Amino acid sequence: MPALMRQLSALAGCTTPIRLTGWRTETNTAGEVLHHLESSDLPAGNLLLRCGNRRTTRCASCTETYRRDTFHLITAGLTGGKGTPATVAAHPRVFATFTAPSFGPVHNRPTSGRCRCGIEHPVNDPALGSPLDPDRYDYQQAVLWNAHAGKLWARFSIHLRREVAKRAGLTQRAFREHARISFGKVAEYQKRGAIHFHAVIRLDGPDGGDTPPPDWATPELLTDAIRAAARRTDIPGPLVDGREHRFAFGTQLDIRTIRSADFTGPVQITERAVAAYIAKYATKGAETATGTLDRPVRLIAEIIHLYIPEHARRLIRTCWTLGNRPELADLRLRAWAHMLGFRGHFSTKTRRYSTTLGALRDARAAWRRAQALEHLHGPDTPATEETTLVLSHWAFAGTGLTRGEAWLAQALQPAPGTEGEPTHG
């Protein structure tokens, strides 16, 4: 029992671990076996690994780890750290929100207080985001817009560089020698099931955050260029039932300058607030906003028996129907029906914005190895790793915990706010 509790404790609260069967052998350069592990010898009968799922509805512990990593990634691009110089805090930076266009009137909470239906909806009203007239709502355009949202952002980023260069009086070729645009963004679902983007956009020197921006680079110039690029951005869509689709951002575009304590003047929005906001939405999918599914749909008949809102059900059915059309095969709408057609990454960034999620995970793994070596050699003994050859063979054996393991794991839940993750590294 103590050995099983130690193995479960290493999951740091993960409730849906991956179970592996197999073995692992470590040998030194002389061929001497240093350590051999058989999964059958482990207390749980399998090697248990954290699932790493970013969705709050799937695993709260792994979601918290993903949220923290995203927070540090965004913060590093705003204030420096993790290999990014602190001078980026003086670069022009804005926080922008790009919305989807209207596909039909929906129940909402306008500033006037009353919806178009004449009712003042409470904050948690399940009707929010659902169409006033479902039969007239453009479900086809809504699903296809989600499917093309990633491509639309890519086109916007091209137009943004052109607009900044034009305001600086530079050609596209010359712009690369003077400045670079870096960004980190996250996709979020609105209540109506449409994707919109939150992005931190930064104007750097030609080599990214390591170089200062040119004198002409200001938050005002960047803001003006973003508005112009968003208006210019549209992409052609497929021809469906004789209807030619085109996709563009909605008219609601919010851009705010990010300021820090080093700036004079009123603080409009702080770096920490921006990082926390983006990190929060990096762990939320369509299921959080619209009540839809958090896993792929295998058979369309499944959704008949599921307790999900009718609006989400119709969006999924539209994905399934359009997914059967040969001309839309590249969109893989059936595979992404649970995501209401969106098939892009939830959080993305440019190469020079800051560190990467992989680098943060590697740093955490290195810290754990150092802790293990210190435990093995003692705190007063220099911990030196020998050159080892690792041979292993693992096979997937399932997911989740047995009822007994789950009961024990509940007693080993980490304290709130820690989730068993180290704060070092």
Side-chain angles (χ1 to χ4, degrees), residues 1-54 58-66 68-69 72-73 76 81-83 355-415 418-425:
M1 183 67 70
L4 177 59
M5 295 182 71
R6 284 194 298 270
Q7 186 179 4
L8 294 175
S9 179
L11 295 174
C14 177
T15 56
T16 55
I18 299 170
R19 308 183 77 98
L20 299 178
T21 181
W23 52 268
R24 183 177 189 272
T25 301
E26 297 179 12
T27 63
N28 59 18
T29 54
E32 178 184 0
V33 175
L34 302 176
H35 184 261
H36 180 74
L37 172 69
E38 291 279 353
S39 59
S40 58
D41 295 333
L42 293 172
N46 296 116
L47 180 66
L48 303 180
L49 300 180
R50 286 167 60 88
C51 67
N53 201 302
R54 67 164 190 86
R58 298 290 291 274
C59 182
S61 175
C62 292
T63 292
E64 179 62 14
T65 301
Y66 189 90
R68 292 184 179 191
D69 284 350
H72 288 300
L73 184 149
K82 311 293 183 184
T355 185
T356 65
L357 291 176
L360 294 175
R361 296 186 188 107
D362 291 343
R364 185 162 50 248
W367 183 86
R368 285 173 173 163
R369 284 195 298 270
Q371 294 297 302
L373 288 172
E374 181 178 326
H375 177 75
L376 178 64
H377 296 284
D380 301 326
T381 305
T384 58
E385 286 188 271
E386 297 184 52
T387 301
T388 58
L389 173 66
V390 179
L391 301 175
S392 62
H393 176 77
W394 299 106
F396 178 74
T399 59
L401 300 171
T402 65
R403 293 182 64 181
E405 292 167 351
W407 183 81
L408 283 174
Q410 290 178 0
L412 298 171
Q413 287 288 341
T418 61
E419 285 71 39
E421 288 294 321
T423 57
H424 303 72

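No experiment lies behind these values; they were computed from the predicted model shown.
Of all heavy-atom pairs spanning Arg50 and Ser61, the tightest one is NH1-OG, 3.1 Å. Taking all atoms of both residues into account, the shortest heavy-atom contact from Leu360 to Asp69 is CD1-O, 3.3 Å. The shortest non-hydrogen separation linking Trp394 to Ser39 is CZ3-CB, 3.9 Å. Residues Thr402 and Arg19 share a closest heavy-atom pair of N-NH1, 4.2 Å. The shortest non-hydrogen separation linking Leu11 to Leu49 is CD2-C, 4.0 Å. Pro17 and Cys14 get closest at one heavy-atom pair: N-SG, 3.7 Å.
A distance of 7.5 Å separates CG in Asn46 from CG in Leu20, rounded to the nearest 0.5 Å.
Residues Arg24 and Val390 form a side-chain contact, since some pair of their non-hydrogen atoms from C-beta on lies under 4.5 Å apart. You'll find the side chain of Thr16 stays beyond 4.5 Å of the side chain of Arg58, heavy atoms only. Looking at heavy atoms from C-beta onward, Arg6 lies out of side-chain contact with Pro43 at the 4.5 angstrom threshold. Here the side chains of Leu408 and Leu4 are in contact, with some heavy-atom distance below 4.5 Å. Using a 4.5 Å cut-off on side-chain heavy atoms (C-beta onward), Thr15 and Leu401 make no contact. Contact check for Thr27 versus Leu389: side-chain heavy atoms found under the 4.5 Å cut-off. Looking only at side-chain heavy atoms (C-beta outward), Leu391 and Trp23 come within less than 4.5 Å of each other.
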- Item | Audit row: Asn53, Tyr66, side chain to side chain contact (heavy atoms under 4.5 Å, CB included) steps and yes/no | CA-CA 8 Å; Asn53 201 302; Tyr66 189 90; over 6 Å; no
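In this model, no donor atom of one side chain and acceptor atom of the other lie less than 3.5 Å apart for Arg364 and Thr65.
In this structure a side-chain-to-backbone donor-acceptor pair under 3.5 Å is present from Gln7 to Ala44. Judged by distance alone, the side chain of Glu405 and the main-chain N or O of Gly400 form no donor-acceptor pair under 3.5 Å. Using a distance-only test at 3.5 Å, with no hydrogens or angles considered, no donor-acceptor pair links the side chain of Ser9 to the main chain of Met5.
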